[in-house]
A.B. asks: 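If you scroll down you'll find the structure; I have some questions about it.
Every number for a ligand or one of its atoms is a count from 1 in the order of the listing.
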Amino acid sequence: MSVVFDILTVVFFKMDAGRSALALRVLLLAFFTRHVSTEDYFRMGVNTNSAEAMQFLREYDREASGMCYRVTMSQWRFVTNITEYNRRRMLEELTLSSKFERLSWRKAAAYDSSRLPDPQSRRQLTRLVQASRAALPDDKFAEIQQLITEMKEIYNSAKICPYGQKPYDPHVPRVSYNQDFPTNQYQLANQPYQHYQPFNQENPENSNYCDMQLDPEISRILAHSRIESELLYVWKSFRDQTGPKLKNRFMRYVQLANQAAVETGFRDAGDQMRAAYEDPSFRASVEEMYNQVAPLYKQLFTYVRRRLVQRYGETAVRSDGPIPAHLLGNMWAQNWKSITDLVMPFPQSPNVDVTAEMLRQGFTPLRMFQMAEDFYTSLGLKPAPPEFWRGSMLARPPQRSVQCTASAWDFCNRIDYRIKQCTEVTMQDLISTHHEMAHIQYYLQYAEQPQLFRDGANPAFHEAVANAASLSVYNLPHLQRVGLYQNKSHDPYEVSMNFLMTMALEKVAYLPFAFMVDQWRWSVFEDGVQNMNNRWWQMKLRYQGVIPPMPRTENDFDPGSKYHIVSDQEYIKYFLATILEFQIFEQLCSVSGHAGHLHECDIYRSRDAGRLLSEIMQPGSSKPASELIRTMTKGKTNRISPESLVKYFRPLELWLRVQNRDEPLIGWSSNYHDVALFAPQRGAGPALDTPLVLTCLVCVIGYLL
Ligand code: X8Z
Ligand code: ZN
């Protein structure tokens with residue numbers, strides 16, 4: 001097949017670059033690329049001079065590392081000191097970097113990488129060409145980048161008014177918002193649940209009324225409020241402030257992303273995103289993984305639903321139906337850990353939280369990072385370099401505005417690595433500290449690889465490795481070993497079930513969401529932008545068993561409430577990472593000699609576990625993920641498998657089965673009313689089964705424009 005492809009490529013490049021030739025090229029390439037294998041289905045050039053190609057790669061490596069350093073530094077300066085000046089500097093660097101990307105892409109795409117004798121150079125060229133949108137003409141490349149920037153800005157500036165009050169009207173007296181809130185265990189000493197600041201009657205102009213952002217105010221309400229009408233209000237208001245403003249831009253983005261993908265040799269932008277996984281049956285593989293974890297999810301779902309019925313009543317939650325999305329403690333119902341208080345298996349036994357003990361022992365952010373470093377060096381891995389301790393931002397600095405989301409940074413010069421985290425002395429931040437330090441360890445391990453391989457083996461690996469390490473930290477034996485937890489008089493079985501429930505609310509509940517996001521995105525790239533909101537909710541219902549708490553129409557654009565959709569970040573990696581982290585964890589436990597329950601394994605001080613981690617991290621993306629999984633599992637498999645995750649939660653699953661034994665239905669059944677919440681009304685826009693020919697016509701017109 002690649003011969004056919006070669007001939008077509010040569011013919012196409014000799015064609016007149018006029019519009020009709022381009023359209024024909026796009027259509028024919030799209031047709032033929034359906035029939036080639038994943039290894040060689042992106043566009044290739046005709047230059048077969050391998051010495052020249054290798055020279056190009058050497059120069060690219062040096063220049064790309066330099067460019068990456070400059071961009072990363074400008075981004076770091078901006079997020080750790082948000083000023084207009086730093087924003088402008090960052091945008092300038094990003095513009096330069098885009099130009100460099102386009103130039104390098106053109107040079108790389110001119111080579112026929114399949115003819116290079118050196119497999120590593122072939123792989124580098126493939127990576128350089130296949131993930132980029134640089135195949136677009138200049139104006140469209142600039143347009144899609146501008147669209148993504150605008151969508152992110154709209155999303156980040158979304159604000160809503162406090163519950164129960166209309167937008168500011170100077171003639172209407174305001175009441176304080178600070179009423180009726182339940183107190184609960186999450187009001188930690190140093191991280192109180194902050195009520196929204198009441199309206200400032202004296203100085204309305206300076207009041208931060210109608211200034212509630214997703215993070216932290218709206219998220220905190222969804223996590224902690226148990227007042228249904230309030231949950232509903234914030235759920236809807238955030239979607240009102242995002243979706244409608246984003247929908248048109250998103251539609252144009254789909255069109256341009258697809259054009260870029262087709263011009264690079266893919267069927268559509270989803271096909272291009274999936275290529276990073278180097279698996280020709282990737283869609284079937286992930287679907288199979290979803291099916292393997294679905295029985296466990298349905299047990300958890302059924303148990304949680306019963307507790308929600310007890311809390312909110314049958315009118316809010318049907319006892320065999322899907323769960324309304326606003327009751328699960330999170331804007332997207334993706335992570336249910338904030339409703340732990342409602343579903344704890346043994347409320348009389350404690351949930352593991354060592355925050356109070358950390359405070360008692362006088363922990364500081366620095367000490368937390370030193371503890372995380374000690375975790376990795378105890379495995380025989382590398383200490384953080386002096387530049388890390390000099391350059392990182394480990395706590396929120398006073399008197400300057402910063403972005404607080406925790407992240408780990410590689411400045412691409414093999415010297416500078418940093419973490420940005422507004423660390424507070426809590427257990428959650430202690431876990432996050434170990435997670436971010438695992439990313440730093442990954443960077444240190446693959447530092448000697450060329451720039452194009454300084455990455456995870458596939459997009460899921462970085463998160464998976466970081467989470468696998470965290471599994472060994474948020475773990476009763478480990479917390480005991482480091483002197484943060486002593487089980488005094490509680491039943492160990494009850495403490496274990498409470499612990500596993502907390503983990504399940506974070507990991508198991510998350511899987512169907514992490515799975516459906518890109519199922520939806522791929523369907524939009526593949527089938528077009530009609531009925532996008534309906535299709536979003538169809539998938540939410542089918543995979544998560546979640547329905548909207550109020551009617552939704554195509555005027556809404558609920559996928560736009562998720563940052564990764566509007567910021568063009570693939571999401572399936574989080575699904576795979578959540579599965580892979582348990583697989584890696586089990587292998588680490590096995591080489592460290594652990595016997596017993598998987599959820600009680602601690603790899604601290606195991607040099608063998610460290611060696612295995614190093615074997616996973618050192619190659620970066622220079623080898624296919626399947627090869628690494630084969631090595632890691634000692635030849636047992638080369639695929640990501642949910643077996644370890646299922647094993648980890650097995651004790652909880654058994655407990656859930658007993659709890660659910662009298663339930664008429666494990667899972668959910670949906671009725672006409674559920675579906676009517678989001679199904680399009682008859683005559684209101686194109687039907688779901690719009691003829692393919694019409695869709696194609698729209699595409700062709702799009703390409704011609
Ligand atoms: O986006 C993130 C991190 C950065 S990698 C903040 N996460 C996903 C999400 O928020 O949806 C972490 C968990 C999944
Ligand atoms: Zn991470």
Side-chain angles (χ1 to χ4, degrees), residues 75 79 152 155-156 213-216 218-220 222-223 238 242 276 325 328-338 369 372 376 392 402-410 417-423 428-446 455-471 473-474 503 505-521 536 540 543-544 546 558-582 584-585 613 616-617:
Q75 289 172 320
V79 298
K152 288 202 241 180
Y155 189 97
N156 287 330
Q213 293 194 297
L214 177 64
D215 193 8
I218 301 175
S219 300
R220 285 198 183 150
L222 281 160
F238 184 67
T242 48
L328 288 159
N330 172 275
M331 179 57 83
W332 313 275
Q334 72 176 60
N335 176 323
W336 305 350
K337 66 181 178 197
S338 297
F369 276 90
Y376 294 104
S392 289
V402 297
Q403 278 178 16
C404 266
T405 322
S407 50
W409 297 59
D410 178 351
Y417 303 94
R418 301 183 192 178
I419 283 177
K420 166 178 74 70
Q421 183 173 278
C422 298
T423 315
Q428 196 168 326
D429 278 9
L430 184 68
I431 313 299
S432 171
T433 301
H434 284 75
H435 175 105
E436 298 304 333
M437 285 294 261
H439 287 311
I440 297 289
Q441 189 59 227
Y442 214 144
Y443 300 148
L444 292 170
Q445 291 287 329
Y446 61 49
D455 204 350
N458 72 25
F461 263 73
H462 245 288
E463 279 305 289
V465 166
N467 282 341
S470 306
L471 285 178
V473 179
Y474 184 40
M503 292 301 277
L505 294 173
E506 183 169 347
K507 308 282 181 183
V508 179
Y510 177 58
L511 288 165
F513 174 80
F515 175 73
M516 64 74 54
V517 170
D518 276 355
Q519 296 297 317
W520 175 84
R521 184 166 15 202
W536 174 257
K540 298 275 286 182
Y543 297 116
Q544 279 188 278
V546 159
D558 295 327
S561 68
K562 184 68 195 163
Y563 184 69
H564 300 68
I565 293 286
V566 297
S567 63
D568 184 42
Q569 294 182 40
E570 68 133 338
Y571 207 78
I572 197 69
K573 69 174 175 189
Y574 294 113
F575 173 73
L576 292 167
T578 308
I579 291 173
L580 181 60
E581 73 182 72
F582 288 93
I584 295 175
F585 184 56
L613 263 177
I616 298 169
M617 297 191 279

A.B. asks: Could you tell me whether the side chain of Val517 reaches within less than 4.5 Å of the side chain of Trp332, counting heavy atoms only?
C.D. replies: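 No - every pair of side-chain heavy atoms lies 4.5 Å or more apart.
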
A.B. asks: Is it true that Tyr446 and His462 have ring centroids separated by less than 6.0 Å?
C.D. replies: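 Ring-ring flag for Tyr446/His462: true, centres closer than 6.0 Å.
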
A.B. asks: When rounded to the nearest 0.5 angstrom, what distance separates CD in Gln544 from CZ in Phe513?
C.D. replies: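 The distance works out to 6.5 Å.
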
A.B. asks: Excluding sequence neighbours, so at least two apart, what forms side chain to side chain donor-acceptor pair (under 3.5 Å) with Lys420?
C.D. replies: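 With neighbours one apart ignored, the set is empty.
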
A.B. asks: In chain order, what residues pass the salt bridge (charged side-chain N to carboxylate O under 4.0 Å, His left out) check against Asp410, with sequence neighbours excluded?
C.D. replies: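 Per chain and number, Asp410 pairs via salt bridge (charged side-chain N to carboxylate O under 4.0 Å, His left out) with no residue.
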
A.B. asks: Among Phe515, Phe575, Trp536, Trp520, find the one that has a ring pair (Phe, Tyr, Trp, His ring centres under 6.0 Å) with Tyr543.
C.D. replies: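 Output: one option passes, namely Phe515.
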
A.B. asks: Under the criterion side chain to side chain donor-acceptor pair (under 3.5 Å), which of Thr405, Asp429, Thr433 is the partner of Gln421?
C.D. replies: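 Passing option: Thr433.
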
A.B. asks: Restricting to under 2.8 Å, identify the protein N, O or S atoms around the Zn ion (ligand 2) as residue plus atom.
C.D. replies: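 Counting only protein N, O or S atoms under 2.8 Å from the Zn ion (ligand 2), the list reads His435 NE2, His439 NE2, Glu463 OE2.
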
A.B. asks: How close do Glu581 and Ala464 get, counting heavy atoms only, and between which atoms?
C.D. replies: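 Heavy atoms only, the tightest pair is CB-O, 3.4 Å.
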
A.B. asks: Give the residues near ligand 1 by chain and number, with the criterion being a heavy-atom distance under 4.0 Å.
C.D. replies: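 Only Gln334, Tyr510, Lys562, His564, Tyr571, Tyr574 have heavy atoms that fall under 4.0 Å of ligand 1, ordered by chain and number.
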
A.B. asks: Are any non-hydrogen side-chain atoms of Leu471 and Met503 less than 4.5 angstrom apart?
C.D. replies: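 A side-chain contact exists here, since the closest heavy-atom pair is under 4.5 Å.
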
